[in-house]
Amino acid sequence: QVQLVESGGGLVQSGGSLRLSCAASGIISSIYTMGWYRQAPGKQRELVAAITSTDSTNYADSVKGRFTISRDNAKNTVYLQMNSLKPEDTAVYYCNARRNFPNYWGQGTQVIVSL
């Protein structure tokens, strides 16, 4: 069975930093495109950052220069380093793994950025 488990969310003040982790099991995440999505109340879920099996990355315009996605294939884990956090970053952040037909989601981790 496939499982993606996010961790590292929490409450932080504006300008602070958090590092989210997504630990994968049941798949070899290195051959998947891994992504971080977020969903704020009343808004659509949006892609924040993604990293492919060849380590190509892409980011939402709103987080470029502030967030960094990376992976540690030996640990089967993907990270999202979030710096210079803003209140508009407040959302539930979800880890995603996809490769052709498979498409897996974690349970989400809450990030709240206060003023």
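Numbering starts at 1 and runs along the sequence shown.
Going from atom CG of Asn83 over to atom CG of Leu18 covers 9.5 Å, rounded to the nearest 0.5 Å. If you take SG on Cys22 and CD on Glu6, they are separated by 5.5 Å, rounding to the nearest 0.5 Å.
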### Task
Given side-chain contact (heavy atoms from CB on, under 4.5 Å), test Phe67 with Leu20 step by step and report yes or no.
CA-CA 11 Å; Phe67 291 11; Leu20 306 183; over 6 Å; no
#### Entry: side-chain contact (heavy atoms from CB on, under 4.5 Å) between Thr90 and Val111, worked out
CA-CA 5 Å; Thr90 295; Val111 172; 5.8 Å; no
### Message
Applying side-chain contact (heavy atoms from CB on, under 4.5 Å) to Met82 and Leu80, what does each step give before you reach the verdict?
### Response
CA-CA 6 Å; Met82 305 186 294; Leu80 184 68; 3.8 Å; yes
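Asn76 and Ser29 share a side-chain donor-acceptor pair at under 3.5 Å. In the model, Thr52 has a side-chain atom that pairs as donor or acceptor with a side-chain atom of Thr54 under 3.5 Å.
Partners of Asn100 according to the side-chain hydrogen bond (donor to acceptor under 3.5 Å, both in side chains) rule, which considers only residues two or more places apart in sequence or in another chain, do not exist here.
Counting heavy atoms from C-beta outward, Tyr79 and Ile69 have side chains that stay 4.5 Å or more apart. Taking the side chain as every heavy atom from C-beta outward, Ile27 and Tyr104 approach each other to under 4.5 Å. Side-chain contact check for Arg71 versus Asp55: some heavy-atom pair is nearer than 4.5 Å.
Annotation for Ile28: atom CD1 does not count as buried by contact number, only 12 or fewer foreign heavy atoms lying within 6.0 Å. In this structure, Gln44 places its CD atom where only 12 or fewer heavy-atom neighbours from other residues, nucleotides or ligands lie under 6.0 Å away.
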Could you tabulate the donor-acceptor pairs under 3.5 Å formed by side-chain atoms of residues 30-39, not counting sequence neighbours?
residue, atom, partner, partner atom, Å
Tyr37, OH, Arg98, NH1, 3.2
Arg38, NE, Glu46, OE2, 2.8
Arg38, NH1, Asp89, OD1, 2.9
Arg38, NH1, Tyr93, OH, 2.9
Arg38, NH2, Glu46, OE2, 3.4
Arg38, NH2, Ser62, OG, 3.4
Gln39, NE2, Lys43, O, 3.2

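The minimum heavy-atom distance linking Pro87 with Ser14 is given by the pair CD-OG, 3.9 Å.
A side-chain donor-acceptor contact under 3.5 Å links Gln110 to the backbone of Ala91.
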